[in-house]
Amino acid sequence: MMDGILWLVMPAAFALDLLIGDPPAWPHPIRWMGKSIEIYEPVVRRWLKHEMLAGAVFAVSLIAAWWGMTAAMLHAVRWFHPVAGFVLEVVLIFFCLSVRSLYDAGMEIYHLLLEGRVNAARTALAMIVGRDVHHYDGEQIARATVETVAENFVDGVLSPLFYAAIGGAPLAVAYKMVNTLDSMVGYKNDRYLRFGRVAARIDDVANYIPARLSVPVIAMATGLLAPGRGKQALMTAVAEGSSHSSPNAGYSEAAFAGALSVKLNGPNFYGGVLVEKPFIGKGYGRVDTHDIQMGCQLMVLSAIISAAIAWLVSMGYGLL
């Protein structure tokens, strides 16, 4: 990985994401992953009648297939020309990152709320969360936005960087397949309660280490943005990070809660069903509109720190 210009892969991919984000008109591997899930699910269900076994075969085979296809494609392109291989790996890792798109989504809602356009902000929020938001007021919209930015910092930034650092584009793409599977079949409803269970557990395992690594990264970024609050972010995550229905999502949310001195999470409706979730940052105040801006800035700075660490790790692996 250190030969020639290959050591530039990680910073180039990260810089590209910061620069252009996720242009909607571009073809995107995540959309192809979603299409492969839609096509393959009924096939596996026909082959295997045992739902949990079918779901396990479905998830594992798709993850392995995307890892294998990416590795084979990279090998072939590098054989053709090293520079072409470099460009392809940069683009593939870039597609796995969501820093710019997450920032833009959060800041769009921030500006809509500042302008008093609550209905438009509610519509924009519905595009990035899975909960029912039709009854949300401005404060609830702001809270949900900060929660989403905090949680997706792991899924959309730190985890892809982590896997790209230790396994290059193939492992980063495999991780995005894991994440896409969880978002599409990991629901606890009648259709996916058994079929999607293995996909959901794989996602839990894949995010276990990155979720916990997010805490010192967010605390470090908080110390730079708001001197004196870094320790508060760290201690809130340590005390309340496990207070979440997800084994992973609570850590980054708790760190953001401490960084911003706000209360996050709590009960929410999903598909008309009330899901009881504990509050995180119980001793802090309510979220206001300006906390969205601070949360987005904190996410970007945390992403930059994560990218620098991932780059150093990737160089270390290249030297082995």
Side-chain angles (χ1 to χ4, degrees), residues 1-2 6-18 22 28-30 32-34 36-37 59-75 85-86 88-102 151-184 186 198-218 246-249 251-252 299 302-320:
M1 196 68 178
M2 292 294 292
L6 289 181
W7 66 276
L8 285 171
V9 164
M10 293 287 289
F14 186 78
L16 189 61
D17 180 66
L18 286 181
D22 183 14
H28 201 295
I30 307 302
W32 302 338
M33 289 178 183
S36 68
I37 290 171
V60 172
S61 58
L62 276 175
I63 295 164
W66 276 89
W67 179 89
M69 286 189 298
T70 305
M73 182 169 56
L74 268 176
H75 179 77
F86 165 81
L88 178 61
E89 186 152 28
V90 167
V91 171
L92 287 170
I93 295 175
F94 150 73
F95 276 132
C96 294
L97 299 173
S98 305
V99 183
R100 176 64 182 270
S101 59
L102 186 56
E151 182 176 351
N152 282 284
F153 166 65
V154 175
D155 292 350
V157 182
L158 185 53
S159 287
L161 285 169
F162 175 81
Y163 287 106
I166 63 175
L171 199 56
V173 168
Y175 168 75
K176 293 308 292 184
M177 184 74 246
V178 169
N179 198 232
T180 305
L181 278 164
D182 181 61
S183 67
M184 292 184 68
V198 171
R201 292 296 174 267
I202 293 173
D203 184 77
D204 289 342
V205 171
N207 284 307
Y208 187 88
I209 293 175
R212 286 148 182 82
L213 290 176
S214 74
V215 172
V217 169
I218 294 167
S246 163
N248 298 316
Y251 289 93
S252 58
M299 183 276 297
S302 298
I304 292 170
I305 293 171
S306 300
I309 295 170
W311 176 58
L312 293 174
V313 171
S314 70
M315 290 199 299
Y317 268 75
L319 288 170
L320 293 178

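Since the model is a prediction, treat every value here as computed from it, not as a measurement.
Looking only at side-chain heavy atoms (C-beta outward), Ile202 and Val60 come within less than 4.5 Å of each other. Contact of the Phe162 side chain with the Ile166 side chain is registered, since non-hydrogen atoms from C-beta on lie closer than 4.5 Å. The shortest distance between side-chain heavy atoms of Met299 and Asn152 does not fall below 4.5 Å.
The CD atom of Glu89 sits 12.0 Å away from the CG atom of Leu8 when rounded to the nearest 0.5 Å. In this structure, Met177 CE and Asp203 CG are separated by 11.0 Å, a value rounded to the nearest 0.5 Å. Here the OG1-CD1 distance, from Thr70 to Ile93, works out to 10.5 Å after rounding to the nearest 0.5 Å. From Ser159, atom OG reaches atom CZ of Phe153 across 9.0 Å, with rounding to the nearest 0.5 Å. For the atom pair Leu213 CG and Ser252 OG, the distance stands at 12.0 Å (nearest 0.5 Å). Put simply, OG on Ser101 and CG on Asp17 are 6.5 Å apart, with the number rounded to the nearest 0.5 Å.
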Check your understanding: Can you check side chain to side chain contact (heavy atoms under 4.5 Å, CB included) on Asp155 and Asp182, steps first, answer last?
Key -> CA-CA 11 Å; Asp155 292 350; Asp182 181 61; over 6 Å; no
Practice item. List the steps, then state whether side chain to side chain contact (heavy atoms under 4.5 Å, CB included) holds for Arg212 with Asn248. Key: CA-CA 8 Å; Arg212 286 148 182 82; Asn248 298 316; 2.9 Å; yes
Exercise for review: Using the side chain to side chain contact (heavy atoms under 4.5 Å, CB included) rule, take Val9 and Phe86 through it: C-alpha gap first, then chi angles, then the decisive distance, then the call.
Suggested key: CA-CA 7 Å; Val9 164; Phe86 165 81; 3.5 Å; yes
Practice item. Carefully, step by step, assess Leu161 and Met10 under the rule side chain to side chain contact (heavy atoms under 4.5 Å, CB included). Key: CA-CA 8 Å; Leu161 285 169; Met10 293 287 289; 3.9 Å; yes
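Across Pro210 and Leu158, no two heavy atoms sit closer than the pair O-CD2, 3.1 Å. Between Ala169 and Leu74, the shortest heavy-atom distance links the atoms CB-CD1, 3.8 Å. Listed here is the closest heavy atom pair of Leu97 and Pro160: CD2-CB, 3.9 Å. Across all their heavy atoms, Ala310 and Ala165 have their closest contact at O-CB, 3.4 Å. Nearest heavy atoms, Val157 versus Ala303: CG1-CB, 3.5 Å.
By the side-chain hydrogen bond (donor to acceptor under 3.5 Å, both in side chains) test, Tyr175 is found to be paired with Asn207, residues two or more places apart in sequence or in another chain being considered.
With Tyr163 contributing its side chain and Ala206 its backbone, the two residues share a donor-acceptor pair below 3.5 Å.
Atom CH2 of Trp67 is surrounded by 12 or fewer heavy atoms from other residues, nucleotides or ligands within 6.0 Å.
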